[in-house]
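The block underneath contains the structure these notes are about, expressed in structure tokens.
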Amino acid sequence: MTRTAATPVEAGRRAAGGKPSLCLRDVTRTFGKVEALSHVSLEVHGGEIRALLGPNGAGKTTLLRILGGLVDASSGVVEVLGQRVDYRGGREIRRGIGFIPSGDRTFYLRLSGLDNLTFFGRLYGLSRKEAVERAWQSLEAVGLPEAAKKPVGVYSHGMQKRLSVARALLPRPQVLLVDEATHDLDPEGSRRVRDLVSKIAREGAAVVWTTQRVHEIAGLANHVTLLAKGRTRFDGPFSDFVATRERQRFALRIGSVVSAEDATRADRSLGASGGVSIPVDGGVNRLSLWLTQDVTLGEALNRLTSQGIVILACSEEVSELEDAFMRFAGEDPS
């Protein structure tokens with residue numbers, strides 16, 4: 001009988017005896033009277049990339065800081081690699097955690113990339129020889145060996161971001177925490193970082209990737225947790241997250257000036273399958289179209305053209321990922 005190869009997540013579960021690499025149970029964190037996190041629970045296994053979504057102020061960075069042992073939870077249980085973690089202890093555990101921050105102001109700009117990584121390797125507890133070896137290996141992994149001895153101050157923004165990934169590789173992490181790592185990168189730079197993080201996950205690390213840009217997680221995340229105002233609004237597989245969309249919305253450009261009567265007639269032609277309206281400040285020859293899941297776009301457009309509406313262009317107004325994000329975050333665009 002032919003056996004299929006285990007996925008990275010399956011392999012990670014087996015290696016850990018089925019235990020998660022990261023575990024939060026009923027975690028709450030308050031800052032004075034502000035509740036940044038409220039009764040949040042999640043598990044992340046080795047080989048898994050967990051997308052942690054949410055708008056600004058949702059509690060994403062606070063959760064990462066708790067996982068990294070930089071901030072204590074006010075209540076609840078936090079376990080990393082099977083051990084309890086808190087701000088005062090867990091130093092050895094933290095050495096197994098890689099962190100990619102959102103900003104780049106964490107390097108010494110006058111030092112070379114190699115010297116920076118050697119310094120941080122020493123902070124991880126490596127001997128100088130080990131730190132230099134790991135620094136070179138990490139630079140090779142992110143495609144920066146030729147810039148190894150150049151001052152970081154002359155690195156481009158994308159190169160500095162890759163250097164952040166290289167630093168996260170130094171401890172050969174079993175856990176990787178990624179905080180809005182691609183929000184200010186060009187498409188090529190974003191792709192490089194995503195590919196590197198995917199490779200780390202395939203090698204068995206548990207990854208938490210925080211973002212408010214939902215397009216980043218398509219083809220990347222296995223599982224999605226969405227936070228809003230410190231609370232979990234969704235937790236499940238990526239496929240389930242996408243499947244929660246209720247409507248598709250499209251912007252139509254048509255070949256004539258739209259009247260209220262035109263819009264009403266077009267709306268009636270769709271029946272229960274969708275609806276049409278004139279967008280606010282959308283121009284005199286534009287319509288907004290929404291559809292339920294049980295009708296195809298082609299079918300809807302045929303119904304509209306049968307009413308004498310000439311459609312010149314059609315574009316998706318809100319993607320299925322954005323739709324799910326906004327509804328779970330309490331910002332339903334409907």
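- Leu123 and Tyr108 end up in the same hydrophobic cluster when Ile, Leu, Val, Met, Phe, Trp and Tyr side chains are linked at under 4.5 Å.
- Heavy-atom minimum distance, Thr106 versus Phe120: O-CZ, 3.3 Å.
- For the pair Ala206 and Ser21, the tightest heavy-atom approach, listed with the atom from each and the gap, is CB-CB, 3.6 Å.
- In terms of heavy-atom proximity, Val175 sits nearest to Leu81 at CG2-CD2, 4.1 Å.
- Residues meeting the side-chain hydrogen bond (donor to acceptor under 3.5 Å, both in side chains) test with Asp115, sequence neighbours left out: Ser112.
- Considering CG of Asn302 and CD of Gln307, their distance stands at 12.0 Å, rounded to 0.5 Å.
- Side-chain contact check for Leu24 versus Ser41: every heavy-atom pair is 4.5 Å or farther apart.
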Pair Arg286, Leu252 - check side chain to side chain contact (heavy atoms under 4.5 Å, CB included), show working. CA-CA 6 Å; Arg286 296 187 181 274; Leu252 304 180; over 6 Å; no
Under 3.5 Å, side-chain donor or acceptor atoms of residues 138-155 against the rest of the protein: list the pairs with distances, not counting sequence neighbours.
unit_1 : atom_1 : unit_2 : atom_2 : d
Ser138 : OG     : Arg134 : O      : 3.0
Ser138 : OG     : Ala166 : O      : 3.3
Tyr155 : OH     : Ala147 : O      : 2.4

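- The shortest distance between side-chain heavy atoms of Trp136 and Leu117 does not fall below 4.5 Å.
- Looking only at distances, no side-chain donor or acceptor of Asp240 sits under 3.5 Å from a matching main-chain atom of Gly236.
- Residues Phe107 and Ser164 have side chains in contact (heavy-atom distance under 4.5 Å, counting atoms from C-beta outward).
- Arg303 approaches Ser306 most closely through the heavy-atom pair O-OG, 2.5 Å.
- Linking ILVMFWY side-chain heavy atoms closer than 4.5 Å, directly or via other members, places Leu297 and Leu304 in a single hydrophobic cluster.
- For the pair Leu37 and Gly59, the tightest heavy-atom approach, listed with the atom from each and the gap, is CD2-O, 3.5 Å.
- Side-chain contact between Thr211 and Leu52 is absent, with no heavy-atom pair separated by less than 4.5 Å.
- Residue Val207 is tested with Leu22, Val197, Val44 for a side chain to side chain contact (heavy atoms under 4.5 Å, CB included); the sole match is Val197.
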Passes side chain to side chain contact (heavy atoms under 4.5 Å, CB included), Ser75 versus Val27? Steps please. CA-CA 6 Å; Ser75 62; Val27 166; over 6 Å; no
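- A donor-acceptor pair shorter than 3.5 Å can be found between the side chains of Ser38 and Arg231.
- For the pair Arg84/Val78, no side-chain contact is recorded, criterion being any heavy-atom separation below 4.5 Å from C-beta on.
- Considering Asn222, Ile49, Ile217 in turn, Ile217 is the only one that fulfils the side chain to side chain contact (heavy atoms under 4.5 Å, CB included) rule with Phe238.
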Audit row: Leu177, Ile97, side chain to side chain contact (heavy atoms under 4.5 Å, CB included) steps and yes/no: CA-CA 7 Å; Leu177 308 177; Ile97 299 174; 3.9 Å; yes
Between Glu79 and Arg25, is a salt bridge (charged side-chain N to carboxylate O under 4.0 Å, His left out) present by the stated rule, with each step listed? CA-CA 9 Å; Glu79 293 181 350; Arg25 293 195 294 273; 3.5 Å; yes
Glu43 and His45: CA distance, side-chain angles, deciding distance, side chain to side chain contact (heavy atoms under 4.5 Å, CB included) verdict: CA-CA 7 Å; Glu43 292 183 353; His45 291 263; 4.1 Å; yes
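- Annotation: salt bridge (charged side-chain N to carboxylate O under 4.0 Å, His left out) contacts of Arg191 (sequence neighbours excluded): Glu188, Asp195.
- A side chain to side chain donor-acceptor pair (under 3.5 Å) check over residues 50-68, counting only residues at least two apart or in different chains, returns the pairs Glu48-Arg50, Arg50-Thr225, Arg50-Asp235, Asn56-Gln212, Thr61-Asp179.
- Note on Leu109 and Val165: same hydrophobic cluster, where clusters join Ile, Leu, Val, Met, Phe, Trp and Tyr whose side-chain heavy atoms are under 4.5 Å apart, directly or indirectly.
- Under the salt bridge (charged side-chain N to carboxylate O under 4.0 Å, His left out) criterion, Arg29 pairs with no residue, sequence neighbours left out.
- For the salt bridge (charged side-chain N to carboxylate O under 4.0 Å, His left out) condition, the pairs that include at least one residue of residues 264-279, sequence neighbours left out, are Asp262-Arg265.
- How far CH2 of Trp209 is from CG of Leu64: 12.0 Å, rounded to the nearest 0.5 Å.
- With contacts defined as side-chain heavy-atom distances shorter than 4.5 Å, the pair Ile311/Ile309 qualifies.
- For the residue pair Leu227 and Ala58, the shortest heavy atom distance occurs at O-CB, 3.4 Å.
- A distance-only check finds a donor-acceptor pair linking the side chain of Ser74 to the backbone of Thr30 [under 3.5 Å].
- For the pair Arg167 and Pro101, the minimum side-chain heavy-atom distance is below 4.5 Å.
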For Ser127 and Arg122, run side chain to side chain donor-acceptor pair (under 3.5 Å): C-alpha distance rounded to whole Å, both residues' side-chain angles, the deciding distance at 0.1 Å, then the answer. CA-CA 6 Å; Ser127 69; Arg122 297 284 283 154; 5.6 Å; no
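- Counting heavy atoms from C-beta on, the side chains of Leu312 and Ile254 never come closer than 4.5 Å.
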